[in-house]
Amino acid sequence: MQSNSQSNKNEQGVNLVDLSVYLLSKWKWFVLSVLVFGGLAWYHYATSPLVFFRSVTVIIKDPSNKTSTAGLDRYDNYINKVNVANEILQFRSKRLMREVVQRLHADVDYRMEKGLRTDELYNLSPVSVSFINVMPERHIFFAVTPRSGNTVTLSAFEGLPGAKESYDVRLNDTLKVGDERILVTGTDHWGKSWTGREIRVTKNPLNAVAGRFQGSMGIRQEEDESSILVLSLKDASPRRAEDVLNTLVNVYNEEALNDKNQVAVNTSEFINERLLIIERELGGVETQLESFKQSNQVMDISSLAGQYMGEAQTYSADAMEQETQLKLAQFIKDYLTDPTKNRDLIPSGTGISDATVENQINQYNALKLKRDKLIADSSESNPVVEELNNTIHALRQSIIRAVDNMIVSINMKRNDARSRQAQAQARFTTVPTKERQMLSIERQQKIKESLYMFLLNRREENALSQAMADNNARTIDSVDGPVGPISPVRNRILLLGVLVGLAVPGVVFLMMLFMDTRVRSRKDLKGAVSIPFLGEIPQDKGAAKVGVAVGGEDGILSESFRILRTNMAFMAKKDRPMQVITFTSFNEGAGKTFISRNLAMSLVLTKKRVVLVDDSIVRGTTSAR
């Protein structure tokens, strides 16, 4: 019983040999499908635009590893710290890509049909088109056809209302269409070979072009802790991809230099302003000293009071130092309280002795630069920007209070030094009044001169710091890539077309096969019914028209009816031979009459008496007796 069940299961399963024979019988459809889909694949390959790949490898420099002059690296800890993730985001920023597109004029495409494909010319175009007063976000299309005699024909305008069907323009002449002006110039590739060949010129929106380049650009970090980046770009023109990558690196370095020098530039402006003031004051003191010496005929008081000045000079030097610090502190306070400089960076590194105030100023400048960069990439309504504004305001107030405290402290020290100096000077009351006046003038001169020289040194150091500012990114491997296009891949597309051509008819024929519920052979019945199978009669339309196909001759039909007759004899019991055979079906035209007639004829050939009855009362039933 188990073997019978297993046999039925095997017969109901899919026979791969029969399935292969069935599919091979449809080979004409497979050939036709392969030709159709293969042709479509070739057409897709022939019309697809070429895509080229270019890449460049750069290293982001770390300022902590740079060699810098002592005293000039105070800005590096706040400005030049490199975060590779931030630099990647800056490379991907739309502002940088817009600048690249504007510099390269990459928003203007030059295309020409070559066979079924349209190729990008870029710098191989014989003409260059400039849109003089066209807005960056306009979309304009027209065709340029070079003619003989340095003239071109402009036609098929789109995006320019009021344009004529065509214009004949000489090179370097400006064409005015409505409010727009278009200038067509020749390039180094201009020649007779381009005469009559149409070039399609498209002015694309600037933001759309920048977005397209951003979408086709990839940035990969070589390792997690590495500062080496690989910038790649896919484009229809290999030369344009190279230019975009090179220009992107250059624009990035320019932006980095501007950020590094921003504090130094503000400091330089502050120092120059103070130098002008101190220079005028120093000139006034020197003029006063010169007039005093001429009127009082005094040249040198050290020879007169040198023996009394030993102790006084110590306190004088201390007082001069405190005076210098007081002036610097007052300068910083004036700068902080000046409403016109409320949004500027605070000059740092001016020589203030209080390290706490200096650190607060550096912290304020770092936060200010961070806020300005965030505003450039977003807006002032950004919650992070608002929080930074509050922090900056609080820090500025803290610096003002610290400077006020420092001024009070310096005043106390200065007053103490002056008090001690006055006590020392009281000893030489014998010194004439005019000598004391001269010393006072000289002291003012030394204070002004000391401050003037200090600011001059600071200006030179600041200028040197600006000159030492270096690029953030250095190119390791220049722009390179495969010579040929990376897309479309001909063999892959054609192979895909052939596979689809084989798969489509295969799937269709398999669906037709598995969804077909008609009985076509004995295999369709043996697994579905449990009654014995007696035989199968092949279909012969010619014999069906005659009605009787069984005769004395040998043939497929005659042999099939003989097999049916023999199997029926085996099924009969010996004691009860078959006397009546009934043929029935669910519908007309199923072959009852054909089978009954030919089976009756086959029985007659065995010398048996047969009566064939066509029962018309019971519809659809034929009996043989």
Side-chain angles (χ1 to χ4, degrees), residues 38-59 88 91-92 96-97 100-101 103-128 146 186-191 193-194 197-202 204 209-223 226 228-253 473-499:
L40 292 175
W42 179 87
Y43 179 79
H44 174 72
Y45 164 75
T47 55
S48 297
L50 300 178
V51 178
F52 295 86
F53 177 83
R54 290 293 182 269
S55 64
V56 61
T57 304
V58 298
I59 181 171
I88 291 176
F91 271 117
R92 291 186 180 276
L96 287 186
M97 190 58 71
V100 171
V101 173
R103 292 191 184 185
L104 297 177
H105 303 288
D107 54 338
V108 181
D109 290 338
Y110 304 90
R111 298 179 179 272
M112 185 183 66
E113 288 188 359
K114 187 176 181 181
L116 296 177
R117 182 180 289 117
T118 301
D119 288 345
E120 173 65 46
L121 298 178
Y122 186 49
N123 58 345
L124 299 178
S125 172
V127 296
S128 176
T187 65
D188 295 337
H189 299 281
W190 176 271
S193 60
W194 292 93
R197 302 175 68 179
E198 184 179 87
I199 301 169
R200 300 176 180 178
V201 180
T202 306
N204 297 300
V209 177
R212 186 185 70 195
F213 283 129
Q214 281 182 298
S216 59
M217 185 180 70
I219 302 178
R220 186 182 77 253
Q221 187 176 1
E222 286 295 334
E223 297 180 3
S226 171
I228 297 178
L229 302 179
V230 179
L231 312 180
S232 60
L233 184 66
K234 297 177 182 179
D235 192 52
S237 171
R239 183 57 185 274
R240 183 168 64 184
E242 296 175 5
D243 292 346
V244 168
L245 290 176
N246 287 328
T247 308
L248 180 63
V249 174
N250 293 336
V251 172
Y252 165 80
N253 283 329
R474 177 172 60 87
T475 301
I476 298 178
D477 293 331
S478 58
V479 179
D480 195 11
V483 177
I486 62 171
S487 176
V489 182
R490 182 184 61 183
N491 294 338
R492 183 184 302 172
I493 294 176
L494 293 180
L495 178 60
L496 181 61
V498 172
L499 293 178

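Residue numbers count from 1 along this sequence. Treat the numbers as computed from the prediction; the structure is a model and nothing was measured.
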Student: Just wondering, more than 12 heavy atoms not from R239 lying within 6.0 Å of its CZ?
Tutor: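 It does not: R239 CZ has 12 such atoms or fewer within range.
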
Student: Do V127 and T187 make a side-chain contact, defined as non-hydrogen atoms from C-beta onward lying under 4.5 Å apart?
Tutor: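 Counting from C-beta outward, V127 and T187 never come under 4.5 Å.
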
Student: Once you round to the nearest 0.5 Å, how far does CG of L96 lie from CZ of F91?
Tutor: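 It is 8.0 Å, given to the nearest 0.5 Å.
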
Student: Can E113 and R200 be said to form a side chain to side chain contact (heavy atoms under 4.5 Å, CB included), step by step?
Tutor: CA-CA 9 Å; E113 288 188 359; R200 300 176 180 178; 2.2 Å; yes

Student: Can you check side chain to side chain contact (heavy atoms under 4.5 Å, CB included) on L233 and F213, steps first, answer last?
Tutor: CA-CA 8 Å; L233 184 66; F213 283 129; 4.2 Å; yes

Student: Of all the heavy-atom pairs spanning V201 and Y110, show the shortest one and how long it is.
Tutor: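 So the minimum-distance heavy-atom pair works out to CG2-CD2, 3.9 Å.
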
Student: Do E120 and L50 have side-chain heavy atoms sitting under 4.5 Å apart?
Tutor: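 They are not in side-chain contact.
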
Student: Between Q221 (side chain) and I228 (backbone), is there a donor-acceptor pair under 3.5 Å?
Tutor: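 No: the side chain of Q221 does not pair with the backbone of I228.
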
Student: Looking at D243 and R54, is any side-chain nitrogen of the basic one under 4.0 Å from a carboxylate oxygen of the acidic one?
Tutor: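 A salt bridge is absent here (no side-chain N lies under 4.0 Å from a carboxylate O).
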
Student: Only one of T475, I219, V244 clears side chain to side chain contact (heavy atoms under 4.5 Å, CB included) with L231; which?
Tutor: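 With L231 as partner, T475, I219, V244 yield a single side chain to side chain contact (heavy atoms under 4.5 Å, CB included), made by I219.
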
Student: Taking it one step at a time, do D109 and N204 satisfy side chain to side chain contact (heavy atoms under 4.5 Å, CB included)?
Tutor: CA-CA 8 Å; D109 290 338; N204 297 300; 2.9 Å; yes

Student: Does W42 CH2 have over 12 foreign heavy atoms under 6.0 Å away?
Tutor: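 Not more than 12 within 6.0 Å, no.
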
Student: Checking side chain to side chain contact (heavy atoms under 4.5 Å, CB included) for the pair M112/R197: CA distance, chi angles, key distance, verdict?
Tutor: CA-CA 8 Å; M112 185 183 66; R197 302 175 68 179; 3.1 Å; yes

Student: Identify which one of Y122, F53, F52 satisfies the side chain to side chain contact (heavy atoms under 4.5 Å, CB included) criterion when paired with P238.
Tutor: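 Only match with P238 under side chain to side chain contact (heavy atoms under 4.5 Å, CB included): F52.
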
Student: I need the N123 CG to L104 CG distance, nearest 0.5 Å.
Tutor: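 The CG atom of L104 is 10.5 Å from CG of N123, to the nearest 0.5 Å.
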
Student: Within this structure, what is the CD-OG1 distance for the pair E242 and T247, rounded to the nearest 0.5 Å?
Tutor: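 Atom-to-atom, E242:CD and T247:OG1 are 11.0 Å apart.
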
Student: Is it the case that the side chain of S125 and the backbone of L121 share a donor-acceptor pair, with hydrogens and angles ignored and the cut-off at 3.5 Å?
Tutor: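 No, S125 side chain to L121 backbone: no donor-acceptor pair under 3.5 Å.
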
Student: Are R220 and E222 ion-paired here, with the side-chain N under 4.0 Å from a carboxylate O?
Tutor: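 Yes, R220 and E222 are salt-bridged.
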
Student: Donor-acceptor check, side chain of H189 to backbone of W194, threshold 3.5 angstrom: yes or no?
Tutor: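 Judged by distance alone, no pair lies under 3.5 Å.
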
Student: Ignoring hydrogens, what is the shortest heavy-atom contact between V209 and D107? Give both atom names and the distance.
Tutor: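 V209 and D107 have their closest heavy atoms at CG2-CA, 3.9 Å.
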
Student: Please table the atom pairs, donor to acceptor, closer than 3.5 Å between any side-chain atom in residues 476-496 and protein atoms at least two apart or in another chain.
Tutor:
none

Student: Which value, rounded to the nearest 0.5 Å, describes the distance between L40 atom CG and H44 atom NE2?
Tutor: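 One gets 10.5 Å once the value is rounded to the nearest 0.5 Å.
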
Student: Is N253 reaching over with its side chain to a backbone N or O of A473, donor-acceptor style, under 3.5 angstrom?
Tutor: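 It does hold such a pair.
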
Student: State the CZ-CG distance between R240 and L245, to the nearest 0.5 angstrom.
Tutor: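 R240 atom CZ to L245 atom CG measures 12.0 Å (nearest 0.5 Å).
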
Student: Atom NZ of K234 and atom CZ of R212: how far apart are they, to the nearest 0.5 Å?
Tutor: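 If we round to the nearest 0.5 Å, K234:NZ and R212:CZ are 14.5 Å apart.
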
